[in-house]
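This report refers to the structure that appears directly beneath it.
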Number of protein chains: 2
Amino acid sequence: PDEAAMRDTRDLQSRLTKPPGALGVLEDLSVRLAGLAGGCPPPLPEPAAVAIFAADHGVHARGVSPWPQEVTAQMVANFLAGGAVVNAFAAQVGAEVTVVDVGVAAPLAPAPGLLPRKIAPGTADMTVAPAMTPDQVRRAVETGIEVARDLVAAGNRCLITGDMGIANTTASAALIAAFTGLPPEEVTGRGTGIDDATHQHKIEVVRTALAHHGLLPAPAASAPGGACDPSPAVPPQAVPPSPAVASPAGPLEVLAAVGGLEHAALAGFILGAAACRVPVVLDGVIAGAAALAAVALAPEALGACVAGHRSVEPGHAATVEHLGLRPLVDLELRLGEGTGALLALPLVQSAVRVLHEVATFDSAGVSDKSGS
Amino acid sequence: PDEAAMRDTRDLQSRLTKPPGALGVLEDLSVRLAGLAGGCPPPLPEPAAVAIFAADHGVHARGVSPWPQEVTAQMVANFLAGGAVVNAFAAQVGAEVTVVDVGVAAPLAPAPGLLPRKIAPGTADMTVAPAMTPDQVRRAVETGIEVARDLVAAGNRCLITGDMGIANTTASAALIAAFTGLPPEEVTGRGTGIDDATHQHKIEVVRTALAHHGLLPAPAASAPGGACDPSPAVPPQAVPPSPAVASPAGPLEVLAAVGGLEHAALAGFILGAAACRVPVVLDGVIAGAAALAAVALAPEALGACVAGHRSVEPGHAATVEHLGLRPLVDLELRLGEGTGALLALPLVQSAVRVLHEVATFDSAGVSDKSGS
């Protein structure tokens with residue numbers, strides 16, 4: 001990040017007609033976005049575009065979700081018809097919606113708003129094989145980078161992550177366990193809503209997949225950091241919070257083993273946004289898992305990431321904490337699609353707009369604190 | 001509230017193309033707003049208007065704020081020139097800004113966007129006299145009702161509270177203590193930012209004012225409920241949470257004793273919104289104190305109230321808890337003006353938009369859970 005731009009922004013914030021620090025988290029956000037853009041004020045993050053990366057998951061066959069796999073394609077059709085919650089939220093905040101098929105099992109008919117980028121008709125079942133080949137992962141990441149680049153080239157100044165894929169919270173949990181070193185039972189949630197028995201089964205599926213690929217974190221005794229801690233001999237308090245605990249397997253290998261095609265594409269999307277110095281508002285647990293991969297690949301990508309919201313998924317809370325991000329919205333959402341990130345968009349825009357439009361004490365003729 | 005409309009909304013939410021409950025707090029909000037409007041779906045809460053009620057406070061003379069009193073009028077000029085944070089946030093979310101002078105000490109020149117409704121040039125010092133006369137309180141409340149009614153008549157379908165008045169967090173703390181029965185030290189915060197010594201002094205000023213008017217809650221031993229508990233003989237667990245602990249002094253008397261002209265006007269504004277069955281998004285601690293008064297006057301007004309955000313003021317957290325409201329945004333803001341409520345507006349609008357625009361499983365041809 002551009003330290004001078006961040007300093008300039010802190011200085012400007014202190015001169016605006018408001019008590020110092022009165023905008024709380026939004027002031028810190030404005031400073032981060034100035035550091036990303038390399039100037040003060042950073043450009044207004046609008047227009048904004050949400051890219052919904054859709055894919056299916058071989059692990060669905062393990063019975064981790066009560067929803068049939070064809071719902072992925074049905075919901076893509078719903079997005080394209082404008083009938084999903086993501087469409088309503090995008091309309092409310094003025095964001096464009098693009099759907100990217102990177103791996104939906106069913107063939108999808110061409111449609112306006114759909115980018116056909118299918119790499120495979122879903123992943124393999126990660127409990128018995130790598131979910132993706134190395135080549136598929138690479139192509140998915142590249143696809144995400146290209147989508148980000150194209151959306152920025154089209155004039156967008158803020159990108160928003162979206163996702164669709166029945167069973168993708170299972171793959172997310174596996175990725176989060178691998179990247180954070182947390183045990184499966186702490187990062188595996190109920191997704192779109194499952195009962196206790198299915199939840200227990202889902203945790204075991206995640207554990208089985210991680211074990212199959214040699215990615216199971218060490219038992220809790222060796223936490224924090226677990227198997228992924230690069231320097232277990234150093235006392236925890238001496239280790240600065242690491243935004244990217246690199247898995248010994250390598251981020252692309254982890255993605256290939258237990259990820260989804262949309263996770264790999266979203267990781268690329270985040271890298272692409274960072275390369276363009278454009279903020280990317282992350283949605284929930286799927287985007288969070290992808291962000292862990294992106295930051296493991298390129299730690300500086302973290303500077304482009306804004307945590308749109310905190311979902312109810314336990315793995316998501318662990319992820320934003322691991323990344324050191326503060327979610328902007330916290331309303332017990334668990335939908336995905338990009339919905340939580342879209343709700344955060346006006347907050348991100350408002351944070352930056354202040355730097356462009358608010359008067360200083362001098363310019364407005366307002367007395368500063370203590371009559372100075 | 002209209003129970004049938006609420007039932008219809010819960011039913012509709014269960015049929016929309018998303019997992020049941022996936023929108024968390026926003027689903028509950030949509031149900032409340034349907035109950036308020038008396039139909040499903042309730043009207044989209046737009047356009048929206050923020051009314052900034054501005055007034056000065058006699059208690060400023062007690063040294064409770066580091067800011068000179070003239071900042072109230074200077075900030076009004078800043079609002080009217082479009083240079084304040086409230087203007088930037090309102091522009092971002094598409095809300096209209098109106099400033100209502102109900103009690104600024106300085107004379108204000110006529111200006112577009114300023115409603116001249118000055119009832120007095122500030123309140124009296126509440127530590128030595130009632131802040132307002134009964135007639136002033138009545139006129140301020142009526143003014144707030146009229147402003148709400150006029151904004152709704154002009155087509156607005158969502159009202160937003162705004163406020164400006166140096167020292168108004170001191171009056172807010174006194175009101176909150178009186179209405180909730182909490183002791184001054186638990187509800188008196190640092191406002192726009194004061195040091196420890198000034199904070200202690202401010203607490204004592206609040207205590208002195210409450211004692212002067214016989215409004216000081218009983219010592220903590222008799223809590224919960226304190227002096228305001230209408231039935232101290234009933235065990236607390238047997239008392240349903242009361243949204244409005246009526247002060248023995250009566251809400252208008254409490255307002256007159258320790259309130260501000262903007263608090264009284266905001267209480268009227270909330271009553272006016274409720275009478276029009278239009279939601280009113282509450283900003284921070286000043287609006288919260290006013291809402292306590294409004295709900296004490298008319299408990300059904302609570303149905304129109306949406307807690308826009310949770311500010312860092314301790315009295316505000318106590319207030320939203322007392323009212324049973326869940327704040328939508330929680331970003332450590334402490335600015336006032338209406339800023340926190342404006343950030344929440346797109347969330348409120350999104351919650352309702354879902355009911356208007358999202359397809360049902362049937363209409364979209366999406367398989368429901370478990371393949372049904």
Side-chain angles (χ1 to χ4, degrees), chain A residues 16-26 66-68 70-71 74-75 77-78 81-85 87-89 91-93 191-193 312 326 328-337 339 342-343 345-347 349-350 353-354 356-360 363-371, chain B residues 16-26 66-68 70-71 74-75 77-78 81-85 87-89 91-93 191-193 312 326 328-337 339 342-343 345-347 349-350 353-354 356-360 363-371:
Chain A
L16 299 178
T17 45
K18 61 174 182 53
L23 291 177
V25 172
L26 296 187
W67 301 81
E70 54 263 33
V71 169
Q74 290 168 347
M75 283 302 296
N78 199 17
V85 177
N87 302 101
F89 284 12
Q92 185 61 51
V93 302
T192 50
V312 297
R326 161 85 179 238
L328 297 177
V329 169
D330 192 356
L331 296 174
E332 297 169 32
L333 304 185
R334 51 182 170 81
L335 178 55
E337 301 181 357
T339 52
L342 282 164
L343 292 178
L345 179 64
L347 281 59
Q349 293 171 331
S350 294
R353 186 175 283 266
V354 164
H356 287 262
E357 297 184 359
V358 174
T360 61
S363 73
V366 175
S367 307
D368 206 344
K369 212 162 160 174
S370 308
Chain B
L16 298 178
T17 44
K18 60 172 183 55
L23 290 177
V25 172
L26 296 187
W67 300 81
E70 54 263 34
V71 169
Q74 290 167 347
M75 283 303 295
N78 198 18
V85 177
N87 302 102
F89 284 11
Q92 184 63 51
V93 302
T192 50
V312 296
R326 160 85 181 238
L328 297 177
V329 170
D330 193 355
L331 296 174
E332 298 169 32
L333 304 185
R334 50 182 170 80
L335 179 55
E337 301 180 357
T339 51
L342 283 164
L343 292 178
L345 179 64
L347 281 60
Q349 293 170 331
S350 295
R353 185 175 284 266
V354 165
H356 287 262
E357 298 184 359
V358 174
T360 61
S363 73
V366 174
S367 307
D368 206 344
K369 210 162 159 174
S370 308

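In what follows, chains are A, B, ... by sequence order, proteins preceding strands, each numbered from 1. Just so you know, these numbers use all the heavy atoms, side chains as well, and skip hydrogens, waters and symmetry mates.
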> Of the backbone (N, CA, C, O) and the side chain (C-beta and beyond), which part of A:L16 lies under 4.5 Å from a heavy atom of chain B, both, or neither?
Replying inline: neither

>> I'd like to know if the side chain of B:E357 reaches the main chain of A:N87, judged simply by a donor and an acceptor atom lying under 3.5 Å from each other, with no hydrogens or angles considered.
In response: no

>> Once rounded to the nearest 0.5 Å, what's the spacing between atom CG of A:D368 and atom CD of B:Q74?
In response: 10.5 Å

> Taking all non-hydrogen atoms of both residues, which atom of A:R334 and which atom of B:P19 are closest, and how far apart?
Replying inline: NH1-CB, 4.2 Å

> Shortest non-hydrogen contact from A:L343 to B:L347?
Replying inline: O-CD1, 3.7 Å

> With chain B, which of A:L342, A:L333, A:V312, A:D330 has the greatest number of heavy-atom pairs at distances under 4.5 Å?
Replying inline: A:L333

>> I'd like to know which of B:P20, B:A81, B:G336, B:G21 tops the heavy-atom pair count under 4.5 Å against chain A.
In response: B:G21

> Shortest non-hydrogen contact from B:V85 to A:V354?
Replying inline: CG1-CG2, 4.0 Å

> Non-hydrogen atoms of chain A under 4.5 Å away: do they reach the side chain of B:L345, the backbone, both or neither?
Replying inline: neither

>> Minimum heavy-atom separation for B:P346 and A:Q92, please, with both atom names.
In response: O-CG, 3.9 Å

> Can you tell me how far NZ of B:K18 sits from OG1 of A:T192, rounded to the nearest 0.5 angstrom?
Replying inline: 11.5 Å

>> For chain B, which candidate among A:L328, A:T360, A:V329 shows the most heavy-atom pairs at distances under 4.5 Å?
In response: A:L328

> Do you know which of B:S350, B:S363, B:A77 has the most heavy-atom pairs with chain A at a distance under 4.5 angstrom?
Replying inline: B:S350

>> Run the side-chain contact (heavy atoms from CB on, under 4.5 Å) test against A:A364 and tell me which residues pass, sequence neighbours left out.
In response: A:T17, A:A359, A:V366, B:N78

> Using a cut-off of under 4.5 Å for heavy-atom pairs, which of B:Q349, B:M75, B:H356, B:E337 has the most such pairs with chain A?
Replying inline: B:Q349

> If you measure from CZ on A:F89 to CG on B:L23, what distance do you get to the nearest 0.5 Å?
Replying inline: 5.0 Å

> Among B:G83, B:G24, B:A91, which residue forms the greatest number of heavy-atom pairs with chain A at distances under 4.5 Å?
Replying inline: B:G83

> For B:A88 and A:R353, which heavy atoms make the closest approach, and how far apart are they?
Replying inline: O-CD, 3.1 Å

>> Taking side chain as everything from C-beta outward and backbone as N, CA, C, O, which of these in B:E70 sits under 4.5 Å from a heavy atom of chain A? Side chain, backbone, both or neither.
In response: side chain

